[in-house]
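In what follows, every heavy atom counts, from backbone to side chain, and hydrogens, waters and symmetry copies are set aside.
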Amino acid sequence: MRSEERAGVITIVMLFLWGTLIAEPFHIFARFIASGVTYALKGMGAGGIVMSLVLYIVVTLVIVLMQKVSKTKFGIYIPCAISTFMIVLLVFKSIVNSSVDVGDAICLAIPAGCCVALYLLKKEKGLKWITDIYTYSLAVALLNALLFVPVARLNTTVAKILYITKYNDLHITDSFAGLAGIHEIVWGLFLTAFAVLPIIYLATSGRRK
């Protein structure tokens, strides 16, 4: 399967799974990025629209960077790097809070174990799949935050239909609501367009197997 086909399949599947616990390891990935940005900006006294905009830019850049690296020989190491980084952060968080989030620990251990097994078995195709799952699950998290969350806020019926919005750790459009008299949904569409264009371009260019 070509990389662009794999990206399409993963994105569609993750759109259906994002609102479920099955996608929890990838929710945690998005959550850690959001927490890191929030912590850094609060330390600098920033907030509101500035924080939302920086979070939007950081997440978009992380996706683009992962897409670019995945096309190189270092792409197969992305899952290991992400798993290790998140486990280290969880350990640090546990030490600071003097407690362990068992749920997060289990959710992070599963993909880490899969990565170790694939490395030992030298299954590069499997590692490429996991790399793309991390990449495009983050893209789905961004799409969810920018587009589906604002739409779900229209009324409770829409919110129930869009169960994907049950998990949202990227609070971006909240600060834009009503800015310049423009509805939150319009801002979401605007930001989505700028983020999606480079992601789609990179997903369909420079084919790799």
- Audit row: Glu24, Asp104, side chain to side chain contact (heavy atoms under 4.5 Å, CB included) steps and yes/no: CA-CA 8 Å; Glu24 186 60 19; Asp104 281 4; 4.1 Å; yes
For a quick test of reading the model, state the closest non-hydrogen atom pair linking [X] to [Y] and the distance between them.
| X | Y | answer |
| --- | --- | --- |
| Leu90 | Ala105 | CD2-CA, 3.5 Å |
| Pro79 | Ile130 | CB-CG2, 3.6 Å |
| Arg6 | Asp132 | NE-OD2, 2.7 Å |
| Pro150 | Leu146 | CG-O, 3.3 Å |
| Pro25 | Met86 | O-CE, 4.2 Å |
| Thr131 | Met66 | O-CE, 4.3 Å |

Do any side-chain atoms of residues 118-125 form donor-acceptor pairs under 3.5 angstrom with protein atoms, and if so which ones, sequence neighbours left out?
from, atom 1, to, atom 2, distance (Å)
Tyr119, OH, Ile76, O, 2.4

With hydrophobic residues grouped by side-chain heavy-atom distances under 4.5 Å, do [X] and [Y] end up in a single group?
| X | Y | value |
| --- | --- | --- |
| Val196 | Ile164 | no |
| Ile133 | Ile87 | yes |
| Phe148 | Phe16 | no |
| Val91 | Ile110 | no |
| Leu143 | Val149 | no |

- Query: According to the ring-ring contact (aromatic ring centres under 6.0 Å, His included) rule, which pairs have a member within residues 169-192, sequence neighbours left out?
  - Reply: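 Residue pairs passing ring-ring contact (aromatic ring centres under 6.0 Å, His included), neighbours aside: Phe176-Trp187, Phe190-Phe194.
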- Task: Return each pair, listed once, that meets ring-ring contact (aromatic ring centres under 6.0 Å, His included) where at least one residue sits in residues 29-82; pairs must be two or more places apart or across chains.
- Result: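 Counting only pairs at least two positions apart or across chains, the ring-ring contact (aromatic ring centres under 6.0 Å, His included) contacts touching residues 29-82 are Phe29-Tyr134.
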How long is the span from the [atom1] atom in [X] to the [atom2] atom in [Y], to the nearest 0.5 Å?
| X | Y | atom1 | atom2 | answer |
| --- | --- | --- | --- | --- |
| Ile22 | Met14 | CD1 | CE | 9.5 Å |
| Leu147 | Thr165 | CG | OG1 | 11.5 Å |
| Thr192 | Leu142 | OG1 | CG | 7.0 Å |
| Leu170 | Ile33 | CG | CD1 | 7.5 Å |
| Asn144 | Leu138 | CG | CG | 11.5 Å |
| Asp169 | Thr38 | CG | OG1 | 10.0 Å |

- Message: For Ile63 and Lys68: C-alpha separation, side-chain torsions, deciding distance, then whether side chain to side chain contact (heavy atoms under 4.5 Å, CB included) applies.
- Response: CA-CA 9 Å; Ile63 296 169; Lys68 283 185 168 294; over 6 Å; no
- Query: Which residue pairs satisfy the side chain to side chain donor-acceptor pair (under 3.5 Å) criterion with at least one member in residues 87-102, sequence neighbours excluded?
  - Reply: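 Residue pairs with at least one partner in residues 87-102: there are none.
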Would you confirm whether [X], through its side chain, and [Y], through its main-chain N or O, come within 3.5 Å as a donor-acceptor pair?
| X | Y | answer |
| --- | --- | --- |
| Thr84 | Ala81 | no |
| Thr135 | Gln67 | no |
| Thr20 | Leu17 | yes |
| Lys166 | Trp18 | no |

- Message: Side chains of Glu184 and Thr173: any donor to acceptor distance under 3.5 Å?
- Response: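 There is such a pair (donor and acceptor under 3.5 Å, judged by atom type) between the side chains of Thr173 and Glu184.
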- Message: Starting from Val96 and following side-chain heavy-atom contacts under 4.5 Å between hydrophobic residues (I, L, V, M, F, W, Y), which residues can be reached?
- Response: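 Besides Val96, the cluster holds Phe92.
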- CA sep, side-chain torsions, deciding dist, call: Ile10, Ser137, side chain to side chain contact (heavy atoms under 4.5 Å, CB included): CA-CA 8 Å; Ile10 291 170; Ser137 65; 5.9 Å; no
Could you tabulate the donor-acceptor pairs under 3.5 Å formed by side-chain atoms of residues 46-55, not counting sequence neighbours?
from, atom 1, to, atom 2, distance (Å)
Ser52, OG, Gly48, O, 3.3
Ser52, OG, Ile172, O, 3.2
Ser52, OG, Ser175, OG, 3.0

